[in-house]
Amino acid sequence: MENGSARIRVPKTSELVADQIRAQIIRGELTEGDSLPPEGTLMTTLGISRPTLREAFRILEAENLISVVRGSRSGARVHQPSTELVSRYAGYVLEAQGTTIADLYAARLAIEPTVVRWLATAKGQTPGFAKLKQVLADLDAMLKAEAYAEFVDNVSPFHQTLVEATGNKTLSFMNRMLLNLGRHHQNDYQRRHPRTTEDKYKSLRAGFKSFEKLVTLIEAGDVEGAVSHWRLHLRNANETWAARGEGERTVDSLHG
C-alpha cells in the first residue's frame, strides 16, 4: 500500500454478528422480552466460536439492546431501543458542552409554538389530540383531589403529549430529551425555593387554566390566538425557570 493511502478497516466477526442481531431488533423481528437462542445453538447456526459470540453480546449489552444473565440457559433477553437511554446520553453531551438552562428553555420555546400552530391549523383533528385532552382531564381530576405532587409530575407529560399529538416522531424525541433535562432542573429549583401549599395551588391552578385555554383555542382553529397564548405561557414559565442566577446554570444530566 502506498504511503498516504487510507487503510481499510475490516470488521471483526463479533461486530458482524452484533450487526446482524441489532438489525433484527431494529426491524422488529425480535421484540421486547424475546430470548435469543442458547449460546450453543447460535454458535452452530452462525459458525462462530464462544468467545466471538460473547464479544458480540458485550457489544449489544453496552447498547442496552440485550441483557445477559450469566449462567442462564434461556439465552440473552432482547430490549427495544429506549428513548430514555438515548436522551440521557444526549444530556451527557449537552452538559459536557456547557449547555445552559437558558439555552435549554430557548430550544423549547422554538419547538412548542410551532407544534401549536400545526395542531390549531388542523383544529385538533390529529390522531394524538384525543390523548392530550385525556391528559388535561386527568390533571383536572388531580387538582380537584388536591393531589398536587401528582399534578406536578404530570405537567411534563402534558407538554410531551402536546408535541406527540402532531405525529412527528423526530420532534417528539427531541422534546422528550429537553423535558427530561428541564424536569430535573425544575425539581432542583423547587427544592431550593420551597413554597407554601396555598402558593403551589394558585400556581398549579393558573397553569391548568392556561392548558385548558390552549386546548380550546386549538379546537377552535384560532391559529394565531393559540400560538400567541402558548408563546406567552412558555415565556412566563421561562422567567421563573431560567431567571437571573438560574439561566446561567449548566444543565445537570447526572442529577448531582
Side-chain angles (χ1 to χ4, degrees), residues 9-99 101 103-104 107-108 111 128 131 153-161 163-164 166-188 250-256:
R9 178 182 177 277
V10 179
K12 296 165 60 177
T13 304
S14 58
E15 294 172 336
L16 295 175
V17 172
D19 287 345
Q20 181 177 327
I21 297 173
R22 185 189 301 110
Q24 290 180 285
I25 296 172
I26 300 302
R27 289 195 297 257
E29 296 167 12
L30 293 169
T31 61
E32 181 72 33
D34 284 351
S35 292
L36 295 179
E39 285 188 356
T41 302
L42 284 174
M43 287 162 55
T44 301
T45 303
L46 300 172
I48 58 176
S49 66
R50 190 179 303 276
T52 295
L53 179 61
R54 290 188 172 176
E55 177 60 27
F57 277 5
R58 280 193 288 271
I59 293 170
L60 295 169
E61 273 193 296
E63 297 173 356
N64 276 22
L65 291 176
I66 67 169
S67 56
V68 180
V69 179
R70 307 303 173 192
S72 172
R73 296 183 179 181
S74 62
R77 186 66 57 86
V78 170
H79 303 295
Q80 287 293 307
S82 166
T83 300
E84 295 298 328
L85 179 68
V86 179
S87 66
R88 191 185 313 138
Y89 186 83
Y92 299 158
V93 175
L94 289 175
E95 183 170 359
Q97 292 176 342
T99 305
I101 294 298
D103 188 282
L104 187 72
R108 279 188 58 191
I111 291 175
K131 183 178 179 182
D153 287 342
N154 281 274
V155 168
S156 285
F158 177 86
H159 286 270
Q160 181 61 20
T161 306
V163 178
E164 289 176 350
T166 65
N168 189 294
K169 292 181 173 59
T170 304
L171 273 183
S172 296
F173 172 78
M174 293 171 60
N175 198 61
R176 184 180 294 279
M177 179 189 70
L178 296 175
L179 285 172
N180 284 345
L181 291 170
R183 184 169 64 250
H184 292 302
H185 170 67
Q186 290 169 15
N187 289 342
D188 179 59
T250 300
V251 297
D252 178 13
S253 61
L254 301 174
H255 326 316

If we only count heavy atoms from C-beta on, is the Val155 to Gln186 side-chain gap below 4.5 Å?
no

Can a donor-acceptor pair be found, under 3.5 Å and without considering hydrogens, that links the side chain of Thr166 to the backbone of Val163?
yes

Output for pair (Lys131 NZ, Thr161 OG1), nearest 0.5 Å, gives 5.0 Å

Rounding to 0.5 Å, atoms CG (Asp188) and NE2 (His184) come to a distance of 11.0 Å

Can you check whether Val68's main-chain N or O pairs, donor with acceptor, with Glu61's side chain at less than 3.5 Å?
yes

Would you confirm whether Gln80, through its side chain, and Leu30, through its main-chain N or O, come within 3.5 Å as a donor-acceptor pair?
yes

Going by heavy atoms in the side chains, are Thr13 and Ile48 under 4.5 Å from each other?
yes

Note: Ala18 and Leu60 closest approach over all heavy atoms is O-CD2, 3.7 Å

Starting at CG of Leu53, measure out to CD1 of Ile21 and round the result to the nearest 0.5 Å.
6.5 Å

Kindly indicate whether the side chain of Met177, heavy atoms from C-beta on, has any atom under 4.5 Å from the side chain of Phe173.
no

Partners passing side chain to side chain donor-acceptor pair (under 3.5 Å) against Glu32 (at least two apart in sequence or in another chain):
His79

As an exercise, state the distance from CD of Gln20 to CG of Leu42, rounded to the nearest 0.5 Å.
9.5 Å

Check the surroundings of atom CE in Met43: do more than 12 heavy atoms from other residues, nucleotides or ligands lie under 6.0 Å from it?
yes

Could you tell me if the side chain of Leu104 sits less than 4.5 Å from the side chain of Arg108, heavy atoms only?
no

Spacing of CG belonging to Leu94 relative to OG1 belonging to Thr250, to within rounding of 0.5 Å:
11.0 Å

Using modelled atom types only, decide if a donor and an acceptor are shared between the side chain of Glu164 and the backbone of Ser172 within a distance under 3.5 Å.
no

Identified side chain to side chain contact (heavy atoms under 4.5 Å, CB included) partner of His159 from the options Leu178, Leu179, Ile111
Leu179

The criterion is side chain to side chain donor-acceptor pair (under 3.5 Å); which residues satisfy it with Asp19, sequence neighbours excluded?
Arg22

Does the side chain of Ile66 come within less than 4.5 Å of Ile25's, by heavy atoms?
yes

By salt bridge (Lys or Arg N to Asp or Glu O under 4.0 Å) - contacts of Glu55 (at least two apart):
Arg58

Are Gln97 and Val93 close enough that some pair of their side-chain heavy atoms sits under 4.5 Å apart?
yes

